[in-house]
Amino acid sequence: MLTKIDHLVIGAKNLGQGVEYVKELLGVEMPFGGVHPKMGTHNLLMQLGDDIFLEIISINENADPPKRPRWFALDDPFVRKQIEVSPKLLTWVVNTPDIDTLIENAAFPAGQPELVTSGEISWYFGLP
């Protein structure tokens with residue numbers, strides 16, 4: 001398996017704002033994805049193709065805040081100000097068979113590989 005784009009991430013001030021944004025742009029309603037307890041976020045997730053997804057992510061106001069910065073810079077004041085106005089494309093995420101080597105060789109700070117969960121699903125992610 002090669003390293004490849006897995007999903008595009010759009011940040012929103014809340015999931016309702018994200019649903020409306022995608023509905024207006026694409027004419028579809030995104031289904032609920034899940035909750036990320038470690039990061040204090042939740043998301044909507046929609047499959048775009050065989051192996052690529054569109055994600056809307058927002059801070060979960062009903063969750064305890066994490067003891068670290070949230071992923072995708074959701075705690076950054078600049079990002080928060082922007083998504084208050086309208087959802088924004090924040091980044092892309094790749095899927096790799098070797099996250100340790102990918103992070104070690106990245107041309108940018110990619111965090112540390114840590115196990116994260118959403119419901120019964122778990123995966124390793126480079127966290128800040």
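Positions are given from 1 along the sequence. Computed from a predicted model, the values in this text were never measured in an experiment.
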* Quick check: does any side chain N or O of Gln17 sit under 3.5 Å from a backbone N or O of Glu20, one acting as donor and the other as acceptor? ->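 Side chain of Gln17 to backbone of Glu20: no pair is present.
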
How many angstroms lie between atom [atom1] of [X] and atom [atom2] of [Y], to the nearest 0.5 angstrom?
X	Y	atom1	atom2	value
Leu90	Ile83	CG	CD1	6.5 Å
Phe32	Asn43	CZ	CG	6.5 Å
Thr91	Ile10	OG1	CD1	12.0 Å
Asp98	Ile103	CG	CD1	9.5 Å
Lys13	Lys81	NZ	NZ	14.5 Å
Ile52	Lys4	CD1	NZ	9.5 Å

Linking I/L/V/M/F/W/Y whenever any side-chain heavy atoms sit under 4.5 Å apart, do [X] and [Y] land together?
X	Y	answer
Val22	Leu89	yes
Ile59	Val79	yes
Val19	Met46	yes
Val94	Leu2	no
Leu127	Ile121	yes

Are more than 12 heavy atoms, taken from residues, nucleotides or ligands other than [X], located less than 6.0 Å from that residue's [atom1] atom?
X	atom1	value
Trp92	CH2	no
Tyr124	OH	no
Lys23	NZ	no

* With sequence neighbours excluded, give me every side chain to side chain donor-acceptor pair (under 3.5 Å) pair touching residues 61-74. =>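 Residue pairs passing side chain to side chain donor-acceptor pair (under 3.5 Å), neighbours aside: Thr41-Trp71, Arg68-Glu114, Arg70-Asp75.
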
Testing the basics here: between [X] and [Y], what is the closest heavy-atom pair and its distance to 0.1 Å?
X	Y	result
Gly34	Ser118	CA-OG, 3.4 Å
Ala63	Gly40	CB-CA, 4.2 Å
Ala12	Ile56	CB-CG2, 3.9 Å

* Residues Met30, Leu15; criterion side chain to side chain contact (heavy atoms under 4.5 Å, CB included); working and verdict -> CA-CA 10 Å; Met30 287 185 64; Leu15 295 183; over 6 Å; no

* Apply the test side chain to side chain contact (heavy atoms under 4.5 Å, CB included) to residues His36 and Ile57: give CA-CA distance (whole Å), side-chain angles for both, the deciding distance (0.1 Å), then the verdict. => CA-CA 10 Å; His36 314 109; Ile57 194 157; 4.0 Å; yes

* Do the non-hydrogen side-chain atoms of Ser58 and His42 ever get within less than 4.5 Å of each other? ->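 The answer is yes, as the side chains (C-beta and beyond) meet within the 4.5 Å cut-off.
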
* Asked: Under the criterion side-chain contact (heavy atoms from CB on, under 4.5 Å), which of Leu48, Asp6, Ile5, Val93 is the partner of Phe53?
  ->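 Option passing the side-chain contact (heavy atoms from CB on, under 4.5 Å) with Phe53: Asp6.
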
* Qualifying residue, where the test is side-chain contact (heavy atoms from CB on, under 4.5 Å) with Leu54 and the options are Leu44, Leu26, Val28 ->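 The residue from Leu44, Leu26, Val28 that satisfies side-chain contact (heavy atoms from CB on, under 4.5 Å) with Leu54 turns out to be Leu26.
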
